[in-house]
Amino acid sequence: MNRLKFTLGVKKIVLLCCLAGSFTGAYAQDLTDIKFTVTEDKEWTNLFARNNGWFGGDGIYTIPLNGVEAGKPEAKKTLFIFSDSMIGNIKNNKMEPGAKMTHNSVAILKGGKPVAENLTFYWKKDEKGGAETVFIPKTPLTGPTDYYWLGDGFVNQEQNNAIYIFGYRVKQVSDGAFGFSEVGNTLIKITENEKPPYSNFEQKDTPFYLSSSETEKEMGSFGAGIFVNTAKAGAPNPDGYIYVYGVKGMAKKMLAARVKPKEFDDYAKWRFWDGATWNTDIKKAEAITDQVSNELSVSVLPDGRYALIFQQSGMGRMVGMRLGKSPIGPFGPIIKLWDTSDALNKKSYFSYNAKAHPSLSEKGELLISYNVNSFDFFKDLETEPHLYRPRFIKIKFN
């Protein structure tokens with residue numbers, strides 16, 4: 001039986017016994033029993049409510065530049081990567097003339113606390129000093145109007161601490177909020193000494209994009225989330241692999257691949273989970289769960305289980321969690337963490353792409369972000385210019 005306790009005014013959810021869903025089997029008990037509290041994290045949310053320069057964006061993956069994904073060592077730097085970003089100024093809650101959307105931007109946070117003075121945003125500039133996109137696709141398969149929607153990334157400690165980031169090549173096919181289509185998958189590589197906004201970086205096409213013709217009309221792509229399961233990254237039970245997750249189809253099926261960090265950009269060394277073993281054929285990759293979002297995360301919990309964090313079905317109001325026995329599951333039923341309704345001030349607003357940020361989380365906790373956007377984006381931005389930014393919640397495991 002489900003027992004949820006709601007504390008009004010604080011919007012706090014104490015999960016005493018999680019949802020008993022459709023998952024059955026030997027692991028059913030282990031994958032539903034968990035105690036925790038969830039609260040809004042206003043400090044992190046307010047960190048991104050800004051009036052000058054960067055004032056909006058989605059994506060928000062975080063990459064600890066020391067490569068330590070688990071735990072929270074002091075005196076470090078974190079790279080934030082954003083996809084579509086708003087650059088300009090806000091005065092009296094109105095956008096001033098000249099605000100511009102770029103296709104991606106980055107930021108560096110010094111230390112692990114949400115301190116505004118320690119967070120610096122970066123974007124490139126055109127000849128006239130206007131805001132410009134940081135990562136622009138220039139690979140052999142790039143089309144004339146393609147741009148990047150950024151996936152997850154990590155610091156590869158086995159390859160001279162280079163930063164690897166997935167870039168989904170996207171092109172605009174029509175007007176409107178969803179008038180774009182993914183057409184390819186790219187891997188971006190930045191050397192350790194390169195500084196933002198990254199004038200120099202490598203990029204090359206990958207075979208990790210599944211067009212609809214290859215997957216029975218279910219398009220998919222890898223890079224939605226990365227789990228670095230190595231000792232150097234602080235993983236508590238390392239097997240030495242980098243796990244990369246993909247999403248395909250309208251059912252938001254989650255796929256898994258893995259590769260050793262030294263072989264990360266050797267695509268022939270990648271293996272894909274086919275439901276029974278690790279296969280060399282990407283077309284044989286089988287879903288390990290579904291109803292996830294196009295951006296997600298997998299993190300180790302204090303008790304050794306794995307937390308998959310996502311926005312239920314991609315764009316729902318519910319931030320969800322599934323518990324797993326390993327980085328590839330089996331994953332249990334959806335545990336509902338947070339209803340985002342309070343952040344959706346208008347019918348045109350929607351929330352999407354929740355994920356955890358373990359390297360910024362306190363011990364025994366998970367910091368989670370989700371994005372807010374609008375189906376009538378530019379019209380709503382005129383009246384609420386701060387709408388397009390991440391919001392944060394925090395799970396504390398009891």
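Nearest heavy-atom pair, I328 versus F331, reported as atom, atom and distance to 0.1 Å: C-CE1, 3.7 Å. Pairing each heavy atom of G304 with each of Y306, the nearest pair is O-CE1, 3.6 Å. Here the shortest heavy-atom pairing between I334 and Q291 reads CD1-OE1, 3.6 Å. Nearest approach of R169 to G143, heavy atoms of both residues: NH1-N, 4.2 Å. Heavy atoms only, all atoms of each residue included: S351 and L344 are closest at N-CD2, 4.0 Å. Taking all atoms of both residues into account, the shortest heavy-atom contact from Y198 to I108 is OH-CD1, 4.5 Å.
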Stepwise, does the salt bridge (charged side-chain N to carboxylate O under 4.0 Å, His left out) test hold for K232 with E158?
CA-CA 9 Å; K232 288 184 177 181; E158 301 300 326; 3.1 Å; yes
Let me see the working for I393 and L367 under side-chain contact (heavy atoms from CB on, under 4.5 Å), right down to the final yes or no.
CA-CA 6 Å; I393 59 175; L367 179 69; over 6 Å; no
Does the pair K252 and D290 meet the rule for a salt bridge (charged side-chain N to carboxylate O under 4.0 Å, His left out), with working shown?
CA-CA 5 Å; K252 302 297 181 185; D290 60 7; over 6 Å; no
List the steps and the verdict of side-chain contact (heavy atoms from CB on, under 4.5 Å) for K346 and D380.
CA-CA 9 Å; K346 295 183 180 180; D380 285 335; 3.4 Å; yes
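Defined by atom type and a distance below 3.5 Å, a donor-acceptor pair is missing between the side-chain atoms of N193 and T191. There is no side-chain donor-acceptor pair under 3.5 Å between T39 and K396. Remark: the N104 side chain and the S83 side chain contain no N/O donor-acceptor pair separated by less than 3.5 Å. A donor atom on one side chain and an acceptor atom on the other are found under 3.5 Å apart for H357 and S369. Of the N and O atoms on the side chains of D205 and T139, at least one donor lies less than 3.5 Å from an acceptor on the other residue. No hydrogens or angles considered: a donor-acceptor pair under 3.5 Å links the side chains of Y352 and N373. The closest side-chain donor-acceptor pair between N371 and D58, if any, does not fall under 3.5 angstrom.
Sparse packing is recorded around NZ of K284, with 12 or fewer heavy atoms of other residues, nucleotides or ligands lying under 6.0 Å away. Heavy atoms of other residues, nucleotides or ligands lying less than 6.0 angstrom from CD of E263 number more than 12. Shown here is N237, whose CG atom has no more than 12 heavy atoms of other residues, nucleotides or ligands within 6.0 Å. The environment of D281 atom CG is dense: over 12 non-hydrogen atoms of other residues, nucleotides or ligands sit within 6.0 angstrom.
In this pair, F154 and Y164 present their aromatic rings parallel. The plane angle is below 30°, not in the 30 to 60° band. Classification of the Y267-W270 ring pair by plane angle, with boundaries at 30° and 60°, yields perpendicular. Using bins of under 30°, 30° to 60° and over 60° for the plane-to-plane angle, the ring pair F264/F166 lands in the perpendicular bin. Classified by interplanar angle (parallel below 30°, tilted 30° to 60°, perpendicular above 60°), the ring pair W54/F121 is parallel.
Looking at heavy atoms from C-beta onward, N161 lies out of side-chain contact with N156 at the 4.5 angstrom threshold. Annotation: side chain of K204 is not in contact with side chain of T186 (no heavy-atom distance under 4.5 Å). Side chains of V372 and Y388 form no contact here, defined as non-hydrogen atoms less than 4.5 Å apart. Counting only heavy atoms from C-beta outward, the side chains of K248 and M254 never approach each other to under 4.5 Å. Using a 4.5 Å heavy-atom threshold, the side chains of T280 and R271 count as touching. Within the 4.5 Å cutoff, no side-chain heavy atoms of I395 are placed close to those of T37. Contact annotation: the side chain of L337 approaches that of I309 to within less than 4.5 Å [non-hydrogen atoms, C-beta and beyond]. Y245 is listed as a side-chain neighbour of V298, based on a closest heavy-atom distance under 4.5 Å.
Under the 4.5 Å side-chain heavy-atom criterion for Ile, Leu, Val, Met, Phe, Trp and Tyr, M318 and Y349 are members of distinct hydrophobic clusters. When the side chains of ILVMFWY residues are joined at heavy-atom separations under 4.5 Å, either directly or via intervening members, F48 and V115 end up in two distinct hydrophobic clusters. Under a hydrophobic-cluster definition in which Ile, Leu, Val, Met, Phe, Trp and Tyr are linked whenever side-chain heavy atoms come within less than 4.5 Å, directly or via other members, I87 and I136 are assigned to different clusters. Clustering ILVMFWY residues whenever any of their side-chain heavy atoms sit less than 4.5 angstrom apart, transitively, puts Y148 in the very cluster that holds L79. The hydrophobic cluster containing L141 does not contain I188, counting ILVMFWY residues as joined when their side-chain heavy atoms lie under 4.5 angstrom apart, directly or transitively.
Without hydrogens or angle criteria, D152 side chain to I226 main chain gives a donor-acceptor distance under 3.5 Å. In this structure, K76 contributes its side chain and G67 its backbone to no donor-acceptor pair below 3.5 Å. When atom types are taken as modelled, the side chain of T45 and the backbone of K42 share no donor-acceptor pair closer than 3.5 angstrom. Within the 3.5 Å criterion, the main-chain N or O of K138 finds a donor-acceptor partner in the side chain of Q203. A distance-only check finds no donor-acceptor pair linking the side chain of R391 to the backbone of Y370 [under 3.5 Å]. Side-chain atoms of K124 come within 3.5 Å of backbone N or O of V134 as a donor-acceptor pair. Side chain of T340 to main chain of W338: no donor-acceptor pair is present (N/O by atom type, distance under 3.5 Å, no hydrogens or angles). Distance alone, capped at 3.5 Å, places no donor-acceptor pair between the T206 side chain and the L187 backbone. Side-chain atoms of E69 do not come within 3.5 Å of backbone N or O of P64 as any donor-acceptor pair. Looking at S293, its side chain does come within 3.5 Å of a backbone N or O of Q311 through a donor-acceptor pair.
Rounding to the nearest 0.5 angstrom, the gap separating the NZ atom in K253 from the CD atom in E286 is 8.0 Å. We find the NZ-NZ distance between K94 and K91 to be 14.5 Å, quoted to the nearest 0.5 Å. For the atom pair CG of D41 and CD of E365, the computed distance is 8.5 Å after rounding to the nearest 0.5 Å. Here the CG atom belonging to L296 is positioned 11.5 Å from the CZ atom belonging to R322, to the nearest 0.5 angstrom. From M95, atom CE reaches atom NZ of K100 across 14.5 Å, with rounding to the nearest 0.5 Å. The structure places CH2 of W273 at 8.0 Å from OG of S326, a figure rounded to the nearest 0.5 Å.
A cation-pi arrangement is present between R258 and Y241 under the rule of less than 6.0 angstrom and at most 45 degrees off the ring axis.
The pair E362-K113 meets the salt-bridge criterion, since a charged nitrogen lies less than 4.0 angstrom from a carboxylate oxygen. Between K355 and E295 there is a salt bridge, with a side-chain nitrogen of the basic residue lying less than 4.0 Å from a carboxylate oxygen of the acidic one. Salt bridge absent: K35 and D303 never bring a charged side-chain N and a carboxylate O closer than 4.0 Å.
You'll find the ring centres of F272 and F222 inside the 6.0 Å limit. The aromatic ring centres of F377 and F375 sit 6.0 Å or more apart. Within the 6.0 Å centre-distance limit, the rings of F135 and F201 are counted as a close aromatic pair. Taking the centre of each ring, Y61 and F80 stay at or above the 6.0 Å mark.
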